[in-house]
Enquirer: 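Can you keep this structure in mind? I'll have questions shortly.
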Amino acid sequence: MNNPVLKTMKEGAITNNPTFVQLLGMCPTLATTTSVINALGMGVAVIAVLTFSNLFISLVRKIIPKEIRIASYIVIISGFVTAVELIIKAFFPAIDASLGIFIPLIVVNCIILARAEAFASKNGPLLSVVDGIFTGIGFTFALTCIAFVRELLGTGRIFAASDGTGGLTLLGNWYSPATIFLLPAGAFLTLGFILAIVRKIGDKAEEKNHRKELRAHLDEAFGPVAAAETAGAGEVENDE
Amino acid sequence: MSNIFLIMFAAILTENFIFSRFLGICPFLGVSNKPSTAFGMGMAVTFVMTVSSAATWAVYHLILEPLHIEYLKTIAFILVIATLVQFIEMFLRKYVPSLYSALGIYLPLITTNCAVLGAALLNIQKGYGFGESVVFGLSSALGFTMAILIFAGVRQRLEIANPPKSFRGFPILLIAASLAAMAFAGFSGMSFS
């Protein structure tokens with residue numbers, strides 16, 4: 001993990017996931033996850049804007065005066081958002097209809113401004129592009145997870161098109177769809193549970209790392225036997 | 001007149017910005033930890049959103065439309081809002097220092113509040129006139145304030161609750177928000193048209 005490109009990739013998509021870890025960009029996360037197709041459309045739009053704005057801001061980072069940098073970033077970002085909006089309107093009218101004003105609202109998505117301020121303004125163009133792409137992938141992944149749960153429980157199908165047709169029926173006729181998952185209440189509920197699960201997994205991984213460190217430490221100090229005993233004791237304590 | 005009433009009713013209850021449109025979730029979750037801060041944020045948003053609805057309407061219909069550059073509305077609106085927030089901040093600091101010190105820290109945050117830009121874009125999308133735009137901006141912001149205040153009350157109770165470890169903090173907040181959204185979904189069946 002000494003390679004800065006690999007490190008940036010991992011941080012953007014997993015360890016510093018914009019949605020699950022940094023809790024940024026909640027509006028589109030909740031609003032556009034009624035179906036997997038919508039979530040992917042939103043995700044790809046954000047990847048495009050984030051990559052280009054990171055690249056551009058990184059290129060001009062030494063020219064922009066410090067005092068007006070935020071305003072300049074917003075203008076640069078809104079330029080790219082307008083471009084993406086026009087492209088989506090022209091080539092994917094169905095996605096444009098279902099995402100509505102959330103495409104232009106990418107301008108005020110905190111993820112993009114946060115990456116511009118925290119990363120692109122301090123790093124070179126190559127790393128900034130990598131950071132943009134992988135933070136975008138992390139965002140898309142999070143959105144897709146939420147949309148998968150919501151669409152599956154809300155309709156019994158996944159990958160339905162924006163107009164509600166087609167898709168893959170995963171839950172058969174025995175399942176009566178819980179429409180609440182398509183409503184705003186379901187969005188909050190799903191995100192709440194997914195965040196709790198993500199945190200549980202994170203805690204487990206941390207605990208495992210911690211125990212490994214402890215064992216190595218004890219091995220060094222007292223020899224393998226004492227360490228095994230301590231680890232066993234830790235196991236029992238954990239079951240309670 | 002009835003039209004104005006309908007816009008207000010829809011913006012505050014049936015199409016509440018937080019609970020049905022998902023606009024302004026960041027400040028909703030960020031500054032709702034105390035009723036007093038929630039109220040400060042709500043007032044600042046109300047102020048900016050009403051003025052910005054008027055300003056963006058004027059910019060769109062008097063500048064962008066005659067020049068046929070409507071596609072630049074996102075850039076134009078975000079600039080108008082950022083400038084407006086800056087001006088309001090300067091004006092309040094000079095002439096209403098008491099209000100400035102009350103709203104102070106919330107004002108700069110409003111530029112990136114998607115509710116403000118969202119209201120401006122919705123005004124254009126719905127084809128509202130000037131008066132309707134201002135009413136829509138004002139009542140949407142009032143709906144936002146109401147939601148954030150209600151939630152600040154809920155949050156104070158959550159502070160002393162004891163949820164499972166993984167749910168502590170943000171997840172349990174979202175689940176509480178989900179329950180509040182369910183309550184607001186009850187309004188969605190109401191219609192006067």
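Residue numbers start from 1 in every chain, and the chains themselves are labelled A, B, ... in the order their sequence lines are given, proteins ahead of strands.
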Enquirer: Given a strict heavy-atom distance threshold of 4.5 Å, which part of Ala31(A) is in contact with chain B: side chain, backbone, both, or neither?
Expert: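 Looking at Ala31(A), backbone and side chain both touch chain B.
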Enquirer: Between Ala180(B), Cys114(B), Gly24(B), which residue shows the highest count of heavy-atom pairs closer than 4.5 Å to chain A?
Expert: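 Of the options given, most contacts go to Cys114(B).
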Enquirer: Give me the contact list for residues 187-203 of chain A versus chain B, heavy atoms only, anything under 4.5 Å, ordered by residue number.
Expert: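 Residues in range: Ala187(A), Phe188(A), Leu189(A), Leu191(A), Gly192(A), Phe193(A), Leu195(A), Ala196(A), Arg199(A), Lys200(A), Asp203(A).
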Enquirer: Pick one of side chain, backbone, both or neither for Ala185(B), based on which atoms fall under 4.5 Å of a heavy atom in chain A.
Expert: neither
Enquirer: Is Ile78(B) close to chain A through its backbone or its side chain, or both, or neither, when contacts mean heavy atoms under 4.5 Å?
Expert: side chain
Enquirer: Rounded to the nearest 0.5 Å, what separation is found between the CZ atom of Phe170(B) and the CG atom of Leu23(A)?
Expert: 4.5 Å
Enquirer: Please classify the contact of Ile75(B) with chain A as side chain, backbone, both or neither, using a heavy-atom distance under 4.5 Å.
Expert: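 Contact with chain A: backbone and side chain both.
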Enquirer: Just give me the residue among Ile175(B), Leu179(B), Ile18(B) that pairs up with chain A most often, heavy atom to heavy atom, under 4.5 Å.
Expert: Ile175(B)
Enquirer: Residues of residues 139-156 of chain A under 4.5 Å from chain B (heavy atom pairs)?
Expert: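 The stretch does not come within 4.5 Å of chain B.
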Enquirer: Calculate, to the nearest 0.5 Å, the distance between atoms OG and CG belonging to Ser178(B) and Leu30(A) respectively.
Expert: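 CG of Leu30(A) is found 10.5 Å from OG of Ser178(B).
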Enquirer: Quick check on Ile77(A) against chain B: is it the side chain, the backbone, both or neither that has a heavy atom closer than 4.5 Å?
Expert: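 For Ile77(A), neither part sits under 4.5 Å from chain B.
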Enquirer: Look up atom CZ in Phe22(B) and atom CG in Leu105(A), then write down how far apart they are to the nearest 0.5 Å.
Expert: 13.5 Å
Enquirer: When rounded to the nearest 0.5 angstrom, what distance separates CD1 in Ile101(A) from OG1 in Thr74(B)?
Expert: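 Output value for this atom pair is 10.5 Å.
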Enquirer: Under the criterion side chain to side chain contact (heavy atoms under 4.5 Å, CB included), I'd like the reasoning laid out for Leu183(A) against Phe19(B): C-alpha separation, chi angles, the key distance, then a yes or no.
Expert: CA-CA 10 Å; Leu183(A) 297 176; Phe19(B) 292 126; over 6 Å; no
Enquirer: Roughly how far, to the nearest 0.5 Å, is the CG atom of Leu29(B) from the SG atom of Cys27(A)?
Expert: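 So the SG of Cys27(A) and the CG of Leu29(B) are separated by 9.0 Å.
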